[in-house]
Novice: 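Below is the structure I would like to discuss, written out as structure tokens.
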Amino acid sequence: MPSNIPHRENEINQLSSIIAPALRGYHPNNIFIYGTCGTGKSLSIRFVLNQLEDISRANGSEVKTIYINCKMKKVADTEYRLFAQLLQEMGVHVPDTGLPTDVLYRNFFEKIDEKKRVVIIALDEIDSLFKKVGDEFLYNLTRVNGELKRAQLSIVGITNDLSFLNNLDMRVKSSLGEEEILFKPYNAMQLKDILQNRIKEGFNEGIVEEGVINKCAALAAQEHGDARRALDLLRVAGEITERLGDPKIEEKHVDIAEEKIDMDRVVETVKSQPRQSQAVLYSVLKLSNNGHTRVLTGDVFDEYIKVCANNSIKSLTQRRVSDLIGELDMLGVITARVISKGRYGRTRDISLAISDSVLEKVEGILRTRFGD
DNA sequence: AGGTATTCACATGAAACTATTCTCTGAGTTAGG
DNA sequence: TAACTCAGAGAATAGTTTCATGTGAATACCTGT
């Protein structure tokens, strides 16, 4: 976490002024924050919440802030786990399983309401949780305030899905969206500034060439101004330079970094897929190697059955394979477009979405796992 | 020629099932007093 | 009598299967000219 956050002064001020009443024991409005990824949303809210806690500690007011990322696997990606995590943050341990959800819910209320205070909960990537379990938990949470006797609860929702608010139930929408803040993407100039800031803290002077900063900023600006992307590029370029023993970071290192980030991402996701999903991917791979111009769901399924037979794996239904193909598409390993071939049905047009060098590596991994 | 109806090959949805892991509870057992 | 053991009921979750319904447009089939 950097010590200062350039180009987000406005947003941070807004956030602060909305949240500040907490220090005087008032209930701050619920806030809804949106903006694409890498625009500093999480960073800003965490910064503000930290400050709030510091100040409240200093002047003795009862404020508790909780930051939770709803996307983290095994942490808060279901309603049960969200409340489990909230309770954890309040200092109560709850088991992973075995308890009914509404018990957690009750415990949570009692815990919050045990004394007079203001509690602020920031739910990052709230849309991913919503997609999994619907908006019931949000409704419950927003409704809480009326039921609490002593404490006050405010919610900060963070999402990178701009249309998220529209999908919500009206009641939740009006309650959660009391205040809205939009984080705009950084432009290339701002990205440069951010990079320069970090370079001052992270690198020795004169190591990073001017062109490198421009390049990182430009590449990231193409990806809707994603600052994290820019910083990753710079960091990986730095690592590569160090490994090669070169004295300075140059543009060519950024090129390698770009390639490597992509490669690592794909290889990691492929490796971490369950066996069935890998088998499906392997089938896609084999088919497109055989020069099929158009790989369709049916083709993949047939091939997949063969792969399963060869490896004595229990094969799944077509329904499931169809979903797996969709998942691989989401992961960006393959591209699967739904097309209609008129009289000849509707299916997915599937192709690989990875560059040749990465492909080679992936193929190696899968081949050792499934043979020919 | 132009318009409508069919039809294909899956997509997409919903519900239900399987297996695993874990808590809670109460009955039965056991050790110690 | 308190402490311990253990089986059974219930939960949460991930990953599937089963059943049901949806769908875009290339063709087949009509229609009237």
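In the text below, chain A, chain B and the rest are named by the order of the sequence lines, each starting its count at 1. All figures in this text were calculated on a predicted structure; none of them were measured in a lab.
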Novice: Run the side-chain hydrogen bond (donor to acceptor under 3.5 Å, both in side chains) test against A:Q278 and tell me which residues pass, sequence neighbours left out.
Specialist: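 For A:Q278, the residues satisfying side-chain hydrogen bond (donor to acceptor under 3.5 Å, both in side chains) (neighbours in sequence not counted) are A:R369.
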
Novice: What is the distance, to the nearest angstrom, from the CG atom on A:D349 to the P atom on C:dG24?
Specialist: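 A:D349 atom CG is separated from C:dG24 atom P by 17 Å.
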
Novice: Who are the ring pair (Phe, Tyr, Trp, His ring centres under 6.0 Å) partners of A:F130, not counting sequence neighbours?
Specialist: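 Applying ring pair (Phe, Tyr, Trp, His ring centres under 6.0 Å) to A:F130 gives A:F164.
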
Novice: May I ask you to list the residues of residues 266-276 of chain A, by number, that have any heavy atom positioned under 4.0 Å from an atom of DNA chain C?
Specialist: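 The answer is A:Q276.
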
Novice: B:dC24 P sits how many Å from A:N107 CG, rounded?
Specialist: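 One finds 10 Å between P of B:dC24 and CG of A:N107, rounded.
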
Novice: Quick one: the side chain of A:R346 and the base of C:dT23, do they pair up donor-acceptor inside 3.5 Å?
Specialist: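 By the distance-only test, yes, there is a pair.
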
Novice: Take the angle between the ring planes of A:Y186 and A:H7 and call it parallel below 30°, perpendicular above 60°, tilted in between.
Specialist: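 The rings of A:Y186 and A:H7 stand perpendicular, inter-plane angle above 60°.
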
Novice: Which value, rounded to the nearest 0.5 Å, describes the distance between A:L23 atom CG and A:Q51 atom CD?
Specialist: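 Reported to 0.5 Å precision, the distance equals 10.5 Å.
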
Novice: Check this for me: does any side-chain nitrogen of one of A:E11 and A:K184 sit under 4.0 Å from a carboxylate oxygen of the other?
Specialist: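 Result for this pair is no, no salt bridge flagged.
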
Novice: How would you list, by chain and number, every residue that makes a ring pair (Phe, Tyr, Trp, His ring centres under 6.0 Å) with A:F83, sequence neighbours excluded?
Specialist: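 A:F83 satisfies ring pair (Phe, Tyr, Trp, His ring centres under 6.0 Å) with A:Y105, A:F108 once adjacent residues are dropped.
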
Novice: Report the distance from atom CD1 of A:I158 to atom NZ of A:K41, rounding to the nearest 0.5 Å.
Specialist: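 It comes to 8.0 Å.
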
Novice: Check the distance between B:dC10's P and A:I325's CD1 and give it to me in whole angstrom.
Specialist: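 So the CD1-P distance, A:I325 to B:dC10, works out to 10 Å.
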
Novice: Out of the candidates A:N214, A:L219, A:V212, only one should pair with A:C216 under the side chain to side chain contact (heavy atoms under 4.5 Å, CB included) rule; please name it.
Specialist: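 The passing option is A:V212.
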
Novice: Could you tell me the separation between the NZ atom of A:K314 and the P atom of C:dG15, rounded to a whole number of Å?
Specialist: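 Computing the A:K314:NZ to C:dG15:P distance gives 14 Å.
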
Novice: Closest to the A:L316 side chain: C:dT16, B:dT12, B:dT23?
Specialist: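 Nearest to the side chain of A:L316 among the choices is C:dT16.
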
Novice: For A:F183, does the six-membered ring have the charged nitrogen or CZ of A:R8 within the cation-pi criterion, i.e. under 6.0 angstrom from the centroid and within 45° of the normal?
Specialist: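 No; the conditions do not both hold, so A:R8 does not lie above the ring face of A:F183.
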
Novice: Kindly indicate whether the side chain of A:V295, heavy atoms from C-beta on, has any atom under 4.5 Å from the side chain of A:L352.
Specialist: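 Sidechains of A:L352 and A:V295: no contact.
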
Novice: Which is more 5' along DNA chain B, the nucleotide nearest A:G345 or the one nearest A:R348? Just name the residue.
Specialist: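 Mapping each residue to its closest nucleotide by heavy atoms, the 5'-most match is A:G345.
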
Novice: I need the CD1-P distance between A:I339 and B:dA11, as an integer number of Å.
Specialist: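 In whole Å, B:dA11 P and A:I339 CD1 are 10 Å from each other.
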
Novice: Go nucleotide by nucleotide along DNA chain C from the 5' end; which of A:T317 and A:S340 gets its closest nucleotide reached first?
Specialist: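 This one resolves to A:T317.
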
Novice: In whole angstrom, what separates A:Y344's OH from B:dT6's C1'?
Specialist: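 After rounding, the reported distance stands at 13 Å.
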
Novice: Would you mind telling me which of A:I194, A:I249, A:V208, A:I207 makes a side chain to side chain contact (heavy atoms under 4.5 Å, CB included) with A:I199?
Specialist: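 Of all the options given, the one that passes is A:V208.
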
Novice: Once you round it to whole Å, what is the distance between P of C:dG15 and CD of A:Q318?
Specialist: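 Nearest whole value for this atom pair: 21 Å.
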
Novice: Just verifying a value: how many Å separate A:Q273 CD and A:L366 CG, rounded to the nearest 0.5 Å?
Specialist: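 The CD atom of A:Q273 sits 10.5 Å away from the CG atom of A:L366.
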
Novice: At a cut-off of 3.5 Å, list every protein nitrogen or oxygen paired with a nitrogen or oxygen from nucleotides 19-21 of chain C, distance to 0.1 Å.
Specialist:
none

Novice: When you check the phosphate oxygens OP1 and OP2 of C:dT16, does a side-chain N or O of A:R320 lie under 4.0 Å from one of them?
Specialist: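 So the side chain of A:R320 is within the cut-off, an N or O lying under 4.0 Å from OP1 or OP2 of C:dT16.
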
Novice: The side chain of A:V338 lies closest to which of these nucleotides: B:dC8, B:dT12, B:dC22?
Specialist: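 It is B:dT12.
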
Novice: Verify the contact: side-chain N or O of A:T297 to OP1 or OP2 of B:dA11, cut-off strictly under 4.0 Å; return yes or no.
Specialist: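 Looking at the OP1 and OP2 atoms of B:dA11, one of them is under 4.0 Å from a side-chain N or O of A:T297.
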
Novice: Would you give a per-nucleotide map of nucleotides 5-14 of chain C, 5' to 3', where B means the base has a protein non-hydrogen atom under 4.0 Å away, S means only the sugar-phosphate does, and - means neither?
Specialist: -----BBBSS

Novice: Using whole Å, what does the distance between atom P of nucleotide B:dC10 and atom CG of A:D329 come to?
Specialist: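 Rounded to whole Å, this separation is 17 Å.
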
